[in-house]
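For reference, the structure discussed in these notes is given below.
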2 protein chains.
Amino acid sequence: MDGPPPPSPRRRLEPEARREQILDAAVAHFAEVGLGGTTRDLARRAGVTQALVYQYFGSKAELTEAVFARVYLGRLEPGWPDAIRDRATPIEARLCAFYAEYTRAIFTYEWMRIFMWAGLTGEVLNRRYLDHVGERLLAPLREEIAASPGLMAPSMEDMWNLHGGIVYIGIRRFIYHLPTPEDPAPAIASAVRRFLAGLAAPA
Amino acid sequence: MDGPPPPSPRRRLEPEARREQILDAAVAHFAEVGLGGTTRDLARRAGVTQALVYQYFGSKAELTEAVFARVYLGRLEPGWPDAIRDRATPIEARLCAFYAEYTRAIFTYEWMRIFMWAGLTGEVLNRRYLDHVGERLLAPLREEIAASPGLMAPSMEDMWNLHGGIVYIGIRRFIYHLPTPEDPAPAIASAVRRFLAGLAAPA
DNA sequence: CCACTTGTTGATCAATTGATCAGCGGCGGG
DNA sequence: CCCGCCGCTGATCAATTGATCAACAAGTGG
């Protein structure tokens, strides 16, 4: 016999590891079925009993908050605004690089779907997140474009149009389950190039 | 006394009118809280008892189907493909006119939200609808653009990018409750003009 | 090998919710 | 004016679900 199997399905775990395991399952579960998913299905997914969920999270609301924290926190890199303003790099390269990073951060099954569900249910975090995107990312990008020679200044609505066209790739893939290019970079590059070409001064 | 008030809150209604009233409330209710909304809240909203809902709809699934039928049917105008191919009109005007019509059809609180909720829950109707959009609307639009002198042929991914950028206006407004221009026409015109300018042959 | 700590479980409660049904009562016909 | 049809309601059932708790047992120190 193999004696005690240490890395195999051990029953007792250290609280921290167990909590992490449940939280992981919660993120996956709520991303799939929505924030209205039951704690029983979640527990089954995590391989524990439903009662144990309440050992680590006092209520479903508390669990939901932990899921939000796990999904939202640390997605927006603090270095982005600086990279956006780095005029040593051409504006087109800056836009492509930013959206490559941005989509790498948010184009995941969990993030896209939980964000959309939270949006539909009117979560305040979504408003805050999107306000941040508009003011800290799109507005600076707009200024940089406006400061680029030979380009007309786009409106914020134009910026949201660029943003939406790119984000829609993730919506198609993770919300609607439509086929999309595996690597969004070419589509992003194409969209950015078109966007800037459309802003080229007609003279 | 005003005698018998005929158009006032009558109790007994003809079955057809009552069914319509409940269905209207169902569309509004499910758009707001999602397809998981309770029949009791729905009944309260319609001003009837919960039992009456089951007089007109055998089950909640049946009610949901009726909601889908009400929301989806008749949105896609059969005349659009023809208008798209009307080469007597300049391509830019055709694109603007199409998206003016298209957004006029789908930019409603009910349509946008029910469509998004159905997308998250994996409703088959969404796939069918979006396949239809791609094959019957975007593909012809792409062909028309490709056939326009001085323009490079966009890829289907480019077409989805144009589409997504415009649809995102409705997502911002009805899903995320962000402020958007009341009339999307100028933003659409701007996006279409940029899109085509970006496709202008570089020579 | 025993005993204590504590991570874990099965059982259970109360509230919610989809669905049913017997009976009330508005309203038109006679 | 009253009778009967049928639209409508209140009560109720069974299943689901968030939350709780006493008790079990895995691991550890003595």
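Values in this document were obtained by computation on a predicted structure and should not be read as measured data. Proteins get letters first, then strands, A, B, ... in listed order; numbering begins at 1 in each.
Nucleotide D/dC6 holds its C1' atom 13 Å from the CZ atom of B/R18, rounded to whole Å. Protein atom CZ of B/R12 is 7 Å distant from nucleotide atom P of D/dG7, rounded to whole Å. Spacing between atom OH of B/Y54 and atom P of C/dT20 amounts to 8 Å, rounded to whole angstrom units. Whole-Å rounding puts the A/E14 CD to C/dT6 P distance at 14 Å. Whole-Å rounding puts the A/L13 CG to D/dT28 P distance at 12 Å. For the pair A/E16 CD and C/dT8 P, the computed distance is 13 Å after rounding to whole Å. Spacing between atom NE2 of A/H29 and atom C1' of D/dG18 amounts to 13 Å, rounded to whole angstrom units.
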Open item on the list: Return a single string for nucleotides 10-17 of chain D, one symbol per nucleotide in 5' to 3' order, where B is base contact, S is sugar-phosphate-only contact and - is none, cutoff 4.0 angstrom on heavy atoms.
Closed with: B-B----B
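Not counting sequence neighbours, A/E135 has no partner by the side chain to side chain donor-acceptor pair (under 3.5 Å) test. Residues that satisfy the ring-ring contact (aromatic ring centres under 6.0 Å, His included) test with B/F68, not counting sequence neighbours, are B/Y72. Take B/E143 and apply the salt bridge (Lys or Arg N to Asp or Glu O under 4.0 Å) test, not counting sequence neighbours, and it matches no residue.
Heavy atoms of B/F57 sit nowhere under 4.0 angstrom from any nucleic acid atom.
Within the structure, side-chain hydrogen bond (donor to acceptor under 3.5 Å, both in side chains) contacts touching residues 25-44 of chain A (residues at least two apart or in different chains) are A/E32-A/R45, A/T38-A/D41, A/T39-A/Q50, A/D41-A/R44.
The shortest distance between the side-chain N/O atoms of B/Y56 and the OP1/OP2 oxygens of D/dG7 is not below 4.0 Å.
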Less than 3.5 Å apart, which donor and acceptor atoms pair up between the side chains of residues 117-125 of chain A and the rest of the protein, not counting sequence neighbours?
unit_1 : atom_1 : unit_2 : atom_2 : d
A/T121 : OG1    : A/W117 : O      : 3.1
A/T121 : OG1    : A/A118 : O      : 3.2

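Between the CG atom in B/L138 and the CE atom in B/M156 there is a gap of 5.0 Å [rounded to 0.5 Å].
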